[in-house]
Amino acid sequence: MRVALLVTHIRAEEKLILAAFNRRGISPDIMLDRELNFDISGGIEQLAPSGLAWSAYDLIFERCVSTSRGMYALAVLNSWGIRSFNSYETAAICADKVRTSIALTQRSIPQPHTRVAFTPDSAMQAIEDVKYPAVLKPVTGSWGRLLARVHNRDSAEAILEHRQTLGDYNHHIYYVQEYVDKPGRDIRAFVVGDRTIAAIYRASNHWITNTARGGLATNCPVTAQLDDICVRAAAAVGGGILAIDLLEDARGNYVVNEINHTMEFRNSSEPTGVDIAQEVIDYVIGQAEAVA
Amino acid sequence: MTEGTPLCPECDADVEIPSDAMENELVACAECGIELEIMRLDPIELELAPEVEEDWGE
């Protein structure tokens with residue numbers, strides 16, 4: 001089996017993934033997204049940066065930290081019939097919080113009350129509709145960047161003016177959510193295919209609990225209830241290898257906050273005792289072999 | 001400076017390279033904290049890692 005690992009650069013996760021492939025006797029070709037140069041209508045026999053034709057690859061494993069590069073690379077490669085994890089469709093939905101919210105709604109999966117608006121005036125109305133405190137997020141973004149918890153109209157006006165004046169067109173899509181008063185933590189669950197293989201609590205004194213922002217990871221038991229909502233959420237965005245971020249509301253019910261399609265897990269194998277990289281790669285190889 | 005130890009292109013400090021380092025791996029300078037990319041392994045060549053862009057993440 002010939003595998004291409006598509007990356008922006010090598011991080012801890014990519015080294016773990018490569019080691020997991022190696023344990024299965026596979027040495028992926030590493031391809032840097034900065035070296036890609038597709039002739040979109042040129043077809044599958046054109047050469048990849050490795051010097052081999054793209055047709056030589058059974059599978060692309062996409063791990064780009066650049067969401068846009070990874071997503072468009074998958075768009076091209078999937079259009080030529082090359083299988084990838086995740087698929088372009090899944091990546092495109094997860095990369096866009098509006099599309100993720102729509103997908104969750106279509107499958108009746110609980111999520112925070114969410115509105116989208118396109119001007120500062122309508123965004124102000126959206127904020128007041130979900131009530132204070134409200135949360136503003138960019139539609140594309142990660143690691144807790146540029147999130148704003150808005151407590152009153154003064155703050156809302158300031159943030160909206162800044163977004164409208166300083167941001168590009170992406171920031172003029174106002175994605176507004178109710179603030180979920182979670183118990184000082186959220187949950188990051190790892191779904192591989194149709195299984196939730198592990199989950200962590202991410203605890204922080206800050207309302208943003210991402211581990212990229214200092215959230216502390218501890219094991220979260222995967223109950224039948226947690227597994228059910230996570231697997232359904234993963235299926236809603238097309239399935240694959242996904243990290244589901246959930247919040248616990250005041251009544252202890254789960255709501256799905258975000259879904260990540262190129263998940264980071266370097267801090268999660270130790271507290272959970274699950275070799276996440278190996279679980280992922282065993283699944284990927286199994287899926288590829290099932291098709292071959 | 002330790003012979004053969006690469007220097008941080010930002011602050012000139014020695015940069016510790018893990019024994020299992022790979023090309024295009026990110027490492028951090030322990031002295032100034034800046035993120036670096038290993039462009040070549042033999043001999044080791046470091047460059048400043050690209051700035052994080054707005055669409056970077058998971």
Exercise. Do any pairs count as a ring-ring contact (aromatic ring centres under 6.0 Å, His included) and have a residue in residues 16-36 of chain B, sequence neighbours left out, and if so which ones?
Worked result: none
Exercise. B:Val27 versus chain A, heavy atoms under 4.5 Å apart: side chain, backbone, both or neither?
Worked result: neither
Scan the chain B/chain A interface and emit each donor-acceptor pair under 3.5 angstrom with its distance.
from: B:Asp20; atom 1: O; to: A:Lys15; atom 2: NZ; distance (Å): 3.1
from: B:Asp20; atom 1: OD1; to: A:Lys15; atom 2: NZ; distance (Å): 3.0
from: B:Asp20; atom 1: OD2; to: A:Lys15; atom 2: NZ; distance (Å): 3.4
from: B:Asn24; atom 1: O; to: A:Ile10; atom 2: N; distance (Å): 2.7
from: B:Glu25; atom 1: OE1; to: A:Lys15; atom 2: NZ; distance (Å): 2.9
from: B:Glu25; atom 1: OE2; to: A:Lys15; atom 2: NZ; distance (Å): 3.0
from: B:Leu26; atom 1: N; to: A:Ile10; atom 2: O; distance (Å): 3.0
from: B:Glu37; atom 1: OE1; to: A:Arg34; atom 2: NH2; distance (Å): 3.4
from: B:Glu37; atom 1: OE2; to: A:Arg34; atom 2: NH1; distance (Å): 3.0
from: B:Glu37; atom 1: OE2; to: A:Arg34; atom 2: NH2; distance (Å): 2.6
from: B:Glu53; atom 1: O; to: A:Arg145; atom 2: NH1; distance (Å): 3.2
from: B:Glu54; atom 1: O; to: A:Arg145; atom 2: NH2; distance (Å): 2.9
from: B:Glu54; atom 1: OE2; to: A:His171; atom 2: NE2; distance (Å): 2.3
from: B:Asp55; atom 1: O; to: A:Thr67; atom 2: N; distance (Å): 3.2
from: B:Asp55; atom 1: O; to: A:Thr67; atom 2: OG1; distance (Å): 2.6
from: B:Asp55; atom 1: OD2; to: A:Ser66; atom 2: OG; distance (Å): 3.4
from: B:Asp55; atom 1: OD2; to: A:Ser68; atom 2: N; distance (Å): 2.8
from: B:Asp55; atom 1: OD2; to: A:Ser68; atom 2: OG; distance (Å): 2.5
from: B:Trp56; atom 1: O; to: A:Arg145; atom 2: NH2; distance (Å): 2.5
from: B:Gly57; atom 1: N; to: A:Val65; atom 2: O; distance (Å): 2.9
from: B:Glu58; atom 1: N; to: A:Ser142; atom 2: OG; distance (Å): 2.9
from: B:Glu58; atom 1: O; to: A:His261; atom 2: N; distance (Å): 3.1
from: B:Glu58; atom 1: O; to: A:Thr262; atom 2: N; distance (Å): 2.9
from: B:Glu58; atom 1: O; to: A:Thr262; atom 2: OG1; distance (Å): 3.0
from: B:Glu58; atom 1: OE1; to: A:Arg188; atom 2: NH1; distance (Å): 2.9
from: B:Glu58; atom 1: OE1; to: A:Glu264; atom 2: N; distance (Å): 2.8
from: B:Glu58; atom 1: OE2; to: A:Arg188; atom 2: NH2; distance (Å): 3.2

